[in-house]
Amino acid sequence: KKTLKAKKGVVLAAGGFCRDKIFRKLQDPRIPDDVDSTNHAGATAGVLLKAFEIGAYPVQVDWIQFGPWASPDEKGFGTAPILTQQGTFKYGIAVDVRTGKRFMNELADRKTRADAEFKILREDPKAYPITFADTKMAFKDLSEEVISKGMASGKLVGECASLDEIASKYGVPADALKESVKKYNEGVKAKKDEFGKQESALSEINEAGPFYVIRLSPKPHHTMGGLKINTKAEVLSSKTNKPIPGLWAAGEITGGTHGASRLGTVAITDCIVFGMIAGEQIA
Ligand SMILES: Cc1cc2nc3c(=O)[nH]c(=O)nc-3n(C[C@H](O)[C@H](O)[C@H](O)COP(=O)(O)OP(=O)(O)OC[C@H]3O[C@@H](n4cnc5c(N)ncnc54)[C@H](O)[C@@H]3O)c2cc1C
């Protein structure tokens with residue numbers, strides 16, 4: 001055991017806790033034990049808990065964000081988030097394999113989509129929803145490098161010649177699947193999607209195929225909650241709601257900055273801005 005003393009102050013910057021299986025489940029019991037996360041192995045709650053122990057204020061700790069673009073067919077963040085978000089979600093649809101029907105706006109915010117996928121997986125943990133688009137359109141905006149990375153394992157992206165092949169390979173009712181594609185294309189023509197998909201992202205799916213298909217499984221991606229700080233990045237006490245002397249925090253270990261569903265790309269801004277503020281305050 002070593003004791004390190006700080007002369008001016010301590011900044012807690014231990015990140016989020018998406019890889020902490022026990023703590024994340026205590027906060028959100030929906031999370032299955034065996035579900036993977038997009039985070040690195042150090043994304044654990046030890047430092048957060050230590051801060052609570054000395055009286056730091058918790059805020060929105062059970063608000064955990066799941067990546068609705070992740071796949072069970074690869075580990076961690078992987079390549080699926082790019083292949084779906086900038087590919088099959090944009091130029092295709094996602095369906096519930098049990099019914100063959102769409103169940104969400106494929107480009108809605110992360111929480112809306114993850115909740116919709118979770119609803120299916122809670123009813124049947126193995127009924128991973130699928131997303132697909134015809135091969136001409138699916139990955140047209142992506143680099144060769146990303147596409148070949150996604151294809152490399154042979155497990156992540158399924159290639160199917162027709163809607164019938166998707167139906168038999170993924171156990172989807174064929175007629176309902178065809179009806180869903182037809183209905184989607186009608187919505188594209190009418191510029192009105194049944195799930196409110198953005199008009200600018202509506203393009204017809206070539207019903208004749210062939211198709212690229214990816215299975216979906218929401219993975220814990222970001223923990224919005226954590227330590228309550230003020231605008232000076234000082235950690236507040238749960239007893240007094242005033243700063244705990246000498247204690248600052250920045251980044252994903254803090255809570256309250258992003259609300260219930262963090263927007264993509266703004267976590268880094270949060271980390272950098274409050275990290276700089278904490279440094280300036282201490283210096
Ligand atoms: C795959 C992925 C893609 C992302 N893409 C984006 C993006 O494009 N834009 C964006 O804004 N955000 C993105 N995010 C979110 C963003 O990257 C994170 O919120 C941010 O990096 C968190 O930074 P941090 O410094 O708070 O924590 P981290 O970067 O997680 O650093 C915390 C460090 O503390 C260490 N640590 C933890 N506990 C202990 C302990 N007890 N003792 C010692 N060390 C400990 C950890 O090992 C780690 O090294 C993404 C996240 C992931 C996982």
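Counting starts at 1 for both ligands and their atoms, in listed order. All residue numbers refer to positions in the sequence shown, counting from 1.
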message = Taking 4.0 Å as the limit for heavy-atom contacts, which would you say applies to A41 with ligand 1: side chain only, backbone only, both, or neither?
response = neither
ask   = Of the protein's non-hydrogen atoms, which lies at the shortest distance from atom 26 (O) of ligand 1, and what is that distance?
value = E252 N, 2.8 Å
remark   = For F77, the atoms of ligand 1 under 4.0 Å from one of its heavy atoms are 1 (C)
key: K136 bridged to D134 by N-O distance under 4.0 Å   = no
Protein heavy-atom partner closest to atom 31 (O) of ligand 1 - residue, atom, separation in Å = A13 O, 4.1 Å
request  = Just jot down the ligand 1 atoms closer than 4.0 angstrom to any heavy atom of H40, in number order.
outcome  = 28 (P), 30 (O), 46 (C), 47 (O), 48 (C)
ask   = Of the backbone atoms (N, CA, C, O) and the side-chain heavy atoms from C-beta on, which set of D270 has a member under 4.0 Å from an atom of ligand 1: side chain, backbone, both, or neither?
value = neither
query = Which residue owns the protein heavy atom closest to atom 20 (C) of ligand 1, what's the atom, and how far is it?
reply = C271 SG, 3.8 Å
remark   = Near A14 (heavy-atom distance under 4.0 Å), the atoms of ligand 1 are 32 (C), 34 (O), 37 (C), 38 (N)
note = Judged by heavy atoms only, the candidate from H222, H221, Q65, K50 nearest atom 51 (C) of ligand 1 is H221
ask   = For atom 13 (C) of ligand 1, what is the nearest protein heavy atom, given as residue, atom name and distance?
value = R262 NH2, 4.0 Å
request  = Mind checking ring pair (Phe, Tyr, Trp, His ring centres under 6.0 Å) for F103 and listing every partner two or more places apart, or none if nothing turns up?
outcome  = none
key: Charged N-O contact under 4.0 Å between K197 and E106   = yes
request  = Check whether more than 12 heavy atoms from other residues, nucleotides or ligands sit under 6.0 Å from atom CD1 of I54, and answer yes or no.
outcome  = yes
ask   = Can you check whether T269 has an N/O within less than 3.5 Å of an N/O in ligand 1?
value = no
query = Short list, please: which atoms of ligand 1 are under 4.0 Å from a heavy atom of G251?
reply = 26 (O)
